[in-house]
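The block underneath contains the structure these notes are about, expressed in structure tokens.
In this text the structure is predicted, and so the values were computed from the model without any measurement.
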Amino acid sequence: MKLGFVSAILPELSVEDVFRFAHSAGYDCVELMCWPIGKATRRYAGVTHVDVQSLTPERAQDINVLSDKYSVAISALGYYPNPLCPDPAEAKVYIAQIKRMIKAARLLGLNTVNTFVGRDWTKSVDDNWVKLLEVWKPLVTFAETCGVRIGIENCPMYFTGDEWPAGKNIAHSPAIWRRLFADLDSDHIGLNYDPSHMIWQRMDYVKPIRNFASRMFHVHAKDVRLDRERLDEVGILATPNEYHTPKLPGLGDVNWGKFFSVLTDTGYNGPVCVEVEDRAYEKTLGARKAALVQSATYLRQFIPVR
């Protein structure tokens, strides 16, 4: 396995600075963000370390030269919008950017991109499904032709009132993953698996590692602390930010020894990328860098340097 981090937490750094810091902090790889350049509407969005709209073969080569220079690989390209947004014009922008990211991955010689399936959060799973297949069958076919896999993160994107009642990413449970993989019928779609999202949904975060071993394309290392007393007060129908807190690996409720024990049993040898969303470490660039150093120190007990 390779230890990496998600570059969204370092928005003010250039891609070279991201590689330089990753090397100095002892990381093997980075997942580089590919949002369109412009205003972001939520935390951790809007970060552009690879501008896929203007990427040329020459610029792709330059990025790969930097990767080699600092001995830090690119684990995947990442972009996390809502391509099933009920506003057709907005959804069209997201879908086009996902296609550009797939093309960019091919230019960079990568085999994985990460994103969300999306969802019309006002509708049921069944009522989203026709639109889901209309959008995703062509995207998966396009990825196949480019030789690129799509890793879907299992975050429900349901945290705050504007995402009520069902969240903005439908691929949040094993039952939905099975349906998704069966209906899309491709080995080019799988998971970018984050165990923390299972914790606050009160689900087993280890069982999917075994049950979806062949679909584990990429892993995010993020922890979460569930506030049981607060949950008893507000209940599971409250918005989840009322009863859980994202934390650095080792500071929450994920048993990382158990997690890696099963992950290694399955033969997974891909990237495991730290995703920093811990507000206690967000006030300054120095604090965010320290969060990545601390996370690497903790996770190296499970992913030794090779």
Side-chain angles (χ1 to χ4, degrees), residues 6-11 31-55 74-105 110 112-123 125 128-143 146 148-164 166-172 176-177 180 184 188-194 197 217-218 220 222 240 246 273 275-277:
V6 181
S7 74
I9 200 64
L10 302 174
E31 179 187 350
L32 294 177
M33 293 298 100
C34 301
W35 288 80
I37 294 174
K39 183 180 179 181
T41 57
R42 72 169 199 262
R43 295 167 71 227
Y44 315 115
V47 179
T48 310
H49 284 122
V50 178
D51 181 3
V52 301
Q53 290 179 307
S54 63
L55 189 70
I74 304 171
S75 69
L77 300 182
Y79 170 55
Y80 299 90
N82 182 2
L84 300 185
C85 174
D87 181 336
E90 187 177 341
K92 185 177 180 180
V93 171
Y94 300 149
I95 294 164
Q97 185 74 354
I98 292 172
K99 289 188 73 173
R100 293 187 194 102
M101 181 170 64
I102 293 169
K103 289 180 182 177
L110 305 176
T112 305
V113 300
N114 295 324
T115 191
F116 290 147
V117 169
R119 180 173 186 160
D120 181 340
W121 60 98
T122 68
K123 295 181 178 180
V125 171
N128 267 274
W129 211 255
V130 171
K131 179 67 176 298
L132 183 155
L133 296 180
E134 287 177 355
V135 168
W136 278 98
K137 280 191 172 183
L139 280 173
V140 171
T141 297
F142 182 71
C146 292
V148 174
R149 306 181 305 174
I150 302 172
I152 299 298
E153 187 178 347
N154 56 301
C155 176
M157 287 307 294
Y158 172 47
F159 300 110
T160 53
D162 63 309
E163 295 162 339
W164 184 89
K168 295 182 178 179
N169 183 39
I170 206 168
H172 59 80
I176 295 173
W177 305 337
L180 183 72
L184 293 178
H188 280 63
I189 183 120
L191 295 172
N192 175 27
Y193 186 62
D194 183 334
H197 299 306
F217 292 173
H218 198 275
H220 274 178
K222 184 166 86 266
C273 289
E275 186 179 23
V276 177
E277 294 186 356

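For Lys131, the NZ atom is densely surrounded, since the number of other residues' heavy atoms within 6.0 Å is greater than 12.
Counting all heavy atoms, side chain and backbone alike, Leu133 lies closest to Leu184 at CD2-CD2, 3.9 Å. Considering every non-hydrogen atom in both Ile176 and Ala171, the closest pair reads CG2-CA, 4.1 Å. Listed here is the closest heavy atom pair of Ala104 and Val52: CB-CG1, 3.5 Å.
Side-chain contact between Pro81 and Thr115 is present, with heavy atoms from C-beta onward closer than 4.5 Å. Between Leu32 and Leu77 the shortest side-chain heavy-atom distance falls below 4.5 Å. Residues Leu139 and Lys99 have side chains in contact (heavy-atom distance under 4.5 Å, counting atoms from C-beta outward).
In this structure a side-chain-to-backbone donor-acceptor pair under 3.5 Å is present from Asn82 to Arg119. Asn169 places a side-chain N or O within donor-acceptor distance of the main-chain N or O of Glu153, the cut-off being under 3.5 Å. For Gln97 (side chain) and Cys34 (main-chain N/O), a donor-acceptor pair under 3.5 Å exists by modelled atom type. The backbone N or O of Arg149 sits nowhere less than 3.5 Å from a side-chain atom of Thr112 that would complete a donor-acceptor pair.
A search for side chain to side chain donor-acceptor pair (under 3.5 Å) contacts involving Lys168 returns nothing, not counting sequence neighbours. Listed by chain and number, the residues in a side chain to side chain donor-acceptor pair (under 3.5 Å) with Asn128 amount to none (sequence neighbours excluded). By the salt bridge (charged side-chain N to carboxylate O under 4.0 Å, His left out) test, Glu31 is found to be paired with no residue, residues two or more places apart in sequence or in another chain being considered.
Each of His220, Lys222, His197 was checked for a side chain to side chain contact (heavy atoms under 4.5 Å, CB included) with Cys155, and the lone residue meeting it is His197.
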